[in-house]
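Okay, so here's the structure we're looking at.
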Amino acid sequence: MIEEKKVKKVFVNGPISPVFVGESIAKHSTKQDIGAHSIFLGQVRNDIIDGNAVLAIDYSAYNEMAEEKFHEIREDAFQKYSLTCMHIYHSLGRVEAGEIGLFVFTSSIHREDAMEACAYIVERIKEQAPVWGREVFDDGRHVWKQNNFKETQ
Amino acid sequence: MIEEKKVKKVFVNGPISPVFVGESIAKHSTKQDIGAHSIFLGQVRNDIIDGNAVLAIDYSAYNEMAEEKFHEIREDAFQKYSLTCMHIYHSLGRVEAGEIGLFVFTSSIHREDAMEACAYIVERIKEQAPVWGREVFDDGRHVWKQNNFKETQ
Amino acid sequence: MAIKLLTFGQITEIIGQSESTVNAMDSDALKAQLIMQFPGLKDLQFAIAVNKYVINENTGLKDGDTVALLPPFSGG
Amino acid sequence: MAIKLLTFGQITEIIGQSESTVNAMDSDALKAQLIMQFPGLKDLQFAIAVNKYVINENTGLKDGDTVALLPPFSGG
C-alpha cells in the first residue's frame, strides 16, 4: 500500500498541450539548484503508409503494469544519474497528427545528467512500457504501430 | 549581404520565459512530419561561492562574432543531423537565479537526430560562443563564470 | 484453475475481448490452447506477462493468476 | 595603422573601456604592448580574434582591422 502511493501518475487523457509543458517548466524556477533541463516530446507524425496518411494515434495500455514499469524506470534513472527532478507524461486515447503524446522532463545541476537521463528514460519507455499505438488512417483503416529501440541497460 | 540575411536572431534581452518555450512548441503542431522534439534549457543556479549566493548572471557578448558563430553552429548541425527544425535563444543582460538563459530546440522525424543534435549544439555554444556571464552575489560582488566543456568537432 | 486473461492491441482484435477467464496448468499450455482456438495468433509475435511480470520461459499458473498477452510495444 | 580594439568581460574591467583605437604591426606586438600597459592582463587567459576569427598564431594587422580580446567563454 505504501509502495502504491509512491507511484506518480504518468498517463493523461488525450494529447499533452504545449501550455502544460510551459507550466511544468515554470514550476522549476523555485528550485534554484537546477542548472539544466532536458525535455523530450514525442509528436504524432502524419506518415503516409501504403498511400494513406495517419490522422491520429489511439493509445492504449496495460495500465497497472505500465504504472509499475514507469515507476521502475524512474527509480533506475534516479539511481544512474544525479537528478533534481524527473517527470514523465504519456497520453492515452486519441492524439492527432501534430499533437504530443509523450513528455519526458529531467532536471539536474549539470547538463550531462539531465540530457543522458532523458535519453535513457525515452529508450526504456519505447522498449519496456506496455503501451500500444493504433495508427488511424484517413480512409478509416488502422495499423498497430511497432517501436524500434536500442537495447538499454 | 545575402549571407547576413540568413542569420537568425539568437539573443534576447533578459530571461527566456517558460511561456515562450510553450508557444515555440505549439508552433510546430502544423509540421506533421516531426516525430520528436528535444529541448535543452539552461537555468541560472544560486550557487554558493565562498559563502555568498549567486543572485543572478549578467550576460554580455561580442554580438557580431556570436551571431556568426551561432549561424555556423546551426549550419553544422543541419549538416550532421537530419533535422526538421532548429531554434537557439540566448539571454543577454540580467537573468535571475531560477530563470532561463539558454533555450535550444531541435525537431526531427526520428528521435535520435533531435536528441543528438540538441546535445551537440549545447556543447558547441558553451565552447565556442563569445558570451560571458558575470555572476552577481548577494553582497554586491561578482565573479566571471568560466565554462567546462568537452571538446566538440 | 481460473486464470484471468488480459489481451491488448492486435491480440484483442483477434480474440474479440480484452478480458476473459481461462483454465491452464502453465503458460505454454495456455499459449498452445489459445493458438488452437484463435489460429490468427500463430503469426503474431507477443510476450506473456504473469501477474505483471514478463516471463521468458514456461511458468506454472495457479488459481487467481493474471496472464497478459502483450503484442510489440509502441508507446512514446 | 589604426586598429579597433574590443574587449569583453574581465578584460574590460582591467582596461577600463570596451572599445579603443590602438597601433600595432601584428597580434603579438599588440599583446605585448597591452600587457606592458595593463599588467593585470598577464595573469589572465584570453584568446584573440582578428576580424571575428580566433587566431592561433601571430597575425599581421592592417589599418581598419578589428582585434578582440576574449576571456574564457561562459555562455549557456
Side-chain angles (χ1 to χ4, degrees), chain A residues 15-48 53-57 84 96-112 114-116 118-120 122-123 126 147-150, chain B residues 15-48 53-57 84 96-112 114-116 118-120 122-123 126 147-150:
Chain A
I16 294 154
S17 83
V19 171
F20 176 76
V21 177
E23 288 169 351
S24 301
I25 295 165
K27 281 184 189 156
H28 291 75
S29 65
T30 54
K31 300 198 175 171
Q32 300 187 352
D33 56 334
I34 292 175
H37 301 291
S38 184
I39 291 173
F40 178 85
L41 302 169
Q43 185 167 302
V44 172
R45 282 196 312 269
N46 66 347
D47 285 348
I48 310 293
V54 172
L55 283 186
I57 295 183
T84 312
E96 305 291 329
E99 292 183 328
I100 292 162
L102 174 64
F103 172 24
V104 176
F105 185 7
T106 51
S107 308
S108 57
I109 298 175
H110 301 291
R111 66 188 177 282
E112 292 81 4
M115 288 196 275
E116 287 169 21
C118 189
Y120 170 83
V122 171
E123 291 308 314
K126 298 260 180 190
N147 281 348
N148 298 315
F149 51 81
K150 320 171 203 134
Chain B
I16 294 154
S17 83
V19 170
F20 176 77
V21 176
E23 287 168 354
S24 301
I25 295 165
K27 280 184 188 156
H28 291 75
S29 65
T30 54
K31 299 197 176 173
Q32 300 187 352
D33 56 335
I34 291 175
H37 301 292
S38 184
I39 291 174
F40 178 85
L41 303 169
Q43 184 167 303
V44 173
R45 282 197 311 270
N46 66 346
D47 284 348
I48 309 294
V54 172
L55 283 187
I57 294 183
T84 313
E96 306 289 330
E99 291 183 331
I100 292 162
L102 175 65
F103 172 24
V104 177
F105 185 7
T106 51
S107 308
S108 57
I109 298 174
H110 301 289
R111 66 189 178 282
E112 293 81 4
M115 287 196 275
E116 288 169 21
C118 189
Y120 170 82
V122 171
E123 291 307 315
K126 298 260 180 191
N147 280 349
N148 299 315
F149 51 81
K150 319 170 204 137

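So you know, we letter chains A, B, ... as the sequences are listed, proteins then strands, and number each from 1. Note: hydrogens, waters and symmetry copies are ignored here, and every other heavy atom, side chains too, is used.
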- Task: Decide side-chain contact (heavy atoms from CB on, under 4.5 Å) for A:Arg45 and B:His110; before the verdict, give the C-alpha distance in whole Å, the side-chain angles of both, and the deciding distance to 0.1 Å.
- Result: CA-CA 10 Å; A:Arg45 282 196 312 269; B:His110 301 289; 3.9 Å; yes

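Side-chain atoms of A:Gln32 and B:Gln43, non-hydrogen and from C-beta on, never get closer than 4.5 Å to each other. You'll find the side chain of A:Glu123 reaches within 4.5 Å of the side chain of B:Arg111, heavy atoms only.
Only the side chain of B:Val122 comes within contact range of chain A, with heavy atoms under 4.5 Å apart.
Going from atom NZ of A:Lys31 over to atom CG of B:Asn46 covers 13.5 Å, rounded to the nearest 0.5 Å. For the atom pair CE of A:Met115 and SG of B:Cys118, the computed distance is 7.0 Å after rounding to the nearest 0.5 Å.
Note: B:Ile34 leads B:Asp33, B:Ile34, B:Ile25 in heavy-atom pairs under 4.5 Å with chain A. Most heavy-atom pairs under 4.5 Å with chain B: of the set A:Ser38, A:Gly101, A:Ala97, A:Ala114, this distinction falls to A:Ala97. Counting heavy-atom pairs under 4.5 Å between each of B:Leu102, B:Leu41, B:Val44, B:Thr30 and chain A puts B:Leu41 at the top. Contact count against chain B (heavy-atom pairs under 4.5 Å) is highest for A:Ile39 among A:Ile39, A:Asp47, A:Ile100.
For residues 16-24 of chain A, heavy-atom neighbours of chain B at less than 4.5 Å comprise A:Pro18, A:Val21, A:Gly22, sorted by residue number.
A tilted orientation is assigned to the rings of A:Phe105 and A:His28, their planes being inclined by 30° to 60°.
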